[in-house]
There are 2 protein chains.
Amino acid sequence: MTSPRPRRSPAPQERQRNPERTRQRILEAAAVEFAEHGFAGARTRAIASRAGVNQQLVSYYFGGKEGLYRAMSEQWAQRRDELSPPGSSLPEQLRGYAMETLRNPDGVRMFAWSGLQWTGPDDDPDRDTRTQMLGSGVAHLRALQEAGRLPAELDPVCLEIILMAACMATTTLPHVIEGLVGADPRSPEFVEHYANQVALLARHIGLDD
Amino acid sequence: MTSPRPRRSPAPQERQRNPERTRQRILEAAAVEFAEHGFAGARTRAIASRAGVNQQLVSYYFGGKEGLYRAMSEQWAQRRDELSPPGSSLPEQLRGYAMETLRNPDGVRMFAWSGLQWTGPDDDPDRDTRTQMLGSGVAHLRALQEAGRLPAELDPVCLEIILMAACMATTTLPHVIEGLVGADPRSPEFVEHYANQVALLARHIGLDD
DNA sequence: GGCGTTGTCAATCAGATGATTACTTGACTG
DNA sequence: CAGTCAAGTAATCATCTGATTGACAACGCC
């Protein structure tokens with residue numbers, strides 16, 4: 001069986017047709033715009049323009065703005081799923097999550113938007129994969145608790161939520177940070193410092209392995 | 001001196017003029033809509049309709065959508081400033097902040113939106129009052145630290161940010177919560193439980209007085 | 001009671017926005 | 001090489017959105 005797209009000449013011109021690449025470009029542009037402005041604030045024209053394609057292609061490939069948003073959400077969910085959590089110990093892992101603001105600012109922002117835009121369990125395509133992923137984290141905490149490393153009266157679910165909110169703070173509370181530290185809350189310096197502090201606190205709670 | 005508004009018949013009809021009441025109604029309706037949909041998602045028509053007044057009055061009193069948003073932000077900043085922090089000990093205070101989701105869901109939501117919509121120190125009318133308020137919290141933490149109740153290597157500013165993010169989680173991460181606990185994340189039962197857990201964690205860190 | 005001021009409204013506008021239509025271009029097939 | 005279908009585009013549309021206009025009715029003042 002030969003390759004599905006022979007493409008005699010590898011890439012003589014960039015003007016060739018390439019539906020998959022076009023699709024992908026739209027998805028990438030959509031991620032940037034949605035991450036920056038949220039669903040209501042994003043503009044289909046801006047997405048098409050950023051992708052360098054005609055606006056109609058958004059309808060052609062995704063059936064409109066809403067379909068594009070859904071498709072992009074699913075792609076990001078999948079991508080996040082593939083991403084193996086960095087770090088070995090739990091504090092190191094949390095440090096990694098807090099650093100995600102630098103590696104993948106759009107993804108974190110998208111996630112933050114989705115929380116405020118959330119209206120209910122339905123129309124949340126990401127729900128199941130996300131829950132499964134977080135559930136494993138909760139299981140980890142619960143195991144730590146049963147091993148006596150964590151106070152019995154602490155609810156592992158709530159702790160997971162607290163830690164998650166903490167890791168996202170550089171994205172969700174930039175105005176607070178700017179006011180308190182007087183510097184750009186997204187600067188690598190501060191994000192790294194903050195991530196270290198999150199890890200430190202986690203250790204102080206007793207989340208070391 | 002007599003009353004400024006004599007109003008011969010006390011309230012024969014509600015159709016009487018009352019600019020101040022109208023202004024206030026618009027502001028209240030704006031708070032609800034902006035809290036629900038954010039700035040980009042809120043509709044001037046919906047605000048006017050909710051306030052039960054003509055849409056034009058938004059321009060008449062506030063000079064348009066943006067002016068209304070600013071005015072409402074300032075009003076809420078002021079209202080929050082008046083609101084004395086409940087609770088005596090720091091964990092109790094944090095518990096109170098986490099419970100704010102029930103007492104004042106719109107206020108918390110507005111604050112969460114403002115973080116994602118934030119573009120820079122400018123165009124942030126709330127900045128100074130907010131920073132001042134948070135600064136006092138940081139000072140409190142720093143005092144605790146200097147008294148040896150808190151590890152020296154912890155940055156009080158980062159700790160404050162972490163705690164704040166944790167207190168807002170029932171608003172910022174409803175999708176996560178729904179997935180993990182399978183219940184309405186805004187239900188009084190869960191919010192109270194979560195607030196207790198935040199306070200518990202604070203105690204466990206050593207933030208007791 | 002007359003009169004200017006001010007609060008309120010209905011009607012409407014210009015621009016933006018997401019979607020649709022009809023057309024062109026390119027690639028594969030027999 | 002004709003034919004067919006997929007990929008892409010330009011032009012246009014209907015609707016929505018925030019803002020403006022002009023009328024007018026309630027109020028304060030004399």
Side-chain angles (χ1 to χ4, degrees), chain A residues 1-30 33-34 36-72 117, chain B residues 1-30 33-34 36-72 117:
Chain A
M1 191 200 289
T2 64
S3 165
R5 249 188 281 104
R7 191 93 53 88
R8 285 152 299 189
S9 47
Q13 282 207 17
E14 273 304 316
R15 276 278 156 241
Q16 286 181 346
R17 291 189 169 193
N18 191 337
E20 204 41 54
R21 188 192 54 183
T22 301
R23 242 186 87 98
Q24 202 51 41
R25 279 188 180 168
I26 295 176
L27 281 170
E28 282 165 21
E33 290 289 325
F34 283 132
E36 182 148 6
H37 304 110
F39 179 79
R43 301 290 165 231
T44 309
R45 274 175 164 76
I47 293 172
S49 165
R50 178 182 291 272
V53 304
N54 191 282
Q55 181 185 180
Q56 197 274 344
L57 292 186
V58 171
S59 291
Y60 182 72
Y61 282 113
F62 305 99
K65 186 184 184 184
E66 207 149 345
L68 173 57
Y69 184 77
R70 232 188 309 275
M72 187 217 47
Q117 290 163 357
Chain B
M1 190 200 291
T2 64
S3 166
R5 249 190 280 104
R7 191 92 54 86
R8 283 152 303 188
S9 45
Q13 284 205 16
E14 273 305 318
R15 279 279 155 242
Q16 288 181 346
R17 290 189 170 189
N18 191 338
E20 204 41 54
R21 188 190 55 180
T22 301
R23 241 185 88 98
Q24 202 51 41
R25 279 187 180 170
I26 295 176
L27 281 170
E28 281 166 20
E33 291 289 324
F34 283 132
E36 183 148 6
H37 304 110
F39 180 79
R43 301 292 165 227
T44 310
R45 274 176 165 75
I47 294 172
S49 165
R50 177 181 290 272
V53 303
N54 192 282
Q55 181 184 181
Q56 195 273 344
L57 293 186
V58 170
S59 290
Y60 183 72
Y61 282 112
F62 305 100
K65 187 184 184 182
E66 208 149 344
L68 173 58
Y69 184 77
R70 232 188 310 274
M72 187 218 46
Q117 291 163 356

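Each chain gets a letter, A, B and so on, in the order its sequence line appears, and its residues count up from 1.
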Separation of D:dT17 atom P from B:Glu66 atom CD, nearest Å, is 17 Å
If you measure only the distance, is there a donor-acceptor pair under 3.5 Å linking the side chains of B:Gln117 and B:Tyr69?
yes
Given atom CD of B:Gln24 and atom C1' of C:dT8, what is their separation to the nearest angstrom?
18 Å
If you draw a 6.0 Å radius around CD in A:Glu66, do more than 12 non-hydrogen atoms from other residues or ligands fall strictly inside?
no
N or O in side chain of B:Thr22 less than 4.0 angstrom from C:dT8 OP1/OP2:
yes
Any base atoms under 4.0 Å from A:Val58, or only sugar-phosphate, or nothing? Heavy atoms, all strands.
nothing
Whole-Å gap separating C1' (C:dT17) and CG (A:Leu68):
15 Å
Ignoring hydrogens and angles, are the base of C:dT8 and the side chain of B:Arg17 linked by a donor-acceptor pair under 3.5 Å?
no
CG of B:Leu57 versus P of D:dC24: gap in Å, rounded?
18 Å
Side-chain N or O of A:Tyr60 less than 4.0 angstrom from OP1 or OP2 on D:dG8?
no
Within the structure shown, what part of the strands sits under 4.0 Å from B:Arg45 by heavy-atom distance: base, sugar-phosphate, or nothing?
base
A:Glu20 CD to C:dA27 P, straight-line distance once rounded to whole Å
17 Å
Would you indicate what B:Ala42 reaches in the nucleic acid, counting non-hydrogen atoms under 4.0 angstrom: base, sugar-phosphate, or nothing?
sugar-phosphate
Starting from P on C:dG7, measure out to CZ on B:Arg21 and report it in whole angstrom.
14 Å
Would you mind telling me which of C:dG18, D:dT9, C:dT8 lies closest to the side-chain atoms of A:Gln55?
C:dG18
So B:Ser59, base contact, sugar-phosphate only, or nothing? Heavy-atom distance under 4.0 Å.
base
Figure out the CZ/C1' separation between B:Arg43 and D:dG18, and round it to whole Å.
10 Å
Which sits closer to the 5' end of DNA chain D, B:Lys65 or A:Val53, going by the nucleotide each is nearest to?
A:Val53
In plain terms, say whether B:Arg50 and B:Glu33 are close enough for a salt bridge, that is, a side-chain N and a carboxylate O under 4.0 Å apart.
yes
B:Asn18 CG to C:dT6 P, straight-line distance once rounded to whole Å
17 Å
C:dA10, OP1 or OP2 - any side-chain N/O from B:Asn54 closer than 4.0 Å?
yes
Let me confirm one number: the CD1-NE2 distance from A:Ile47 to A:His37, rounded to the nearest 0.5 Å.
10.0 Å
Would you tell me if any nitrogen or oxygen in the side chain of B:Tyr61 comes within less than 4.0 Å of OP1 or OP2 on C:dT8?
yes
In the structure I gave you, are the side-chain heavy atoms of A:Ile26 and A:Arg23 within less than 4.5 Å of one another anywhere?
no
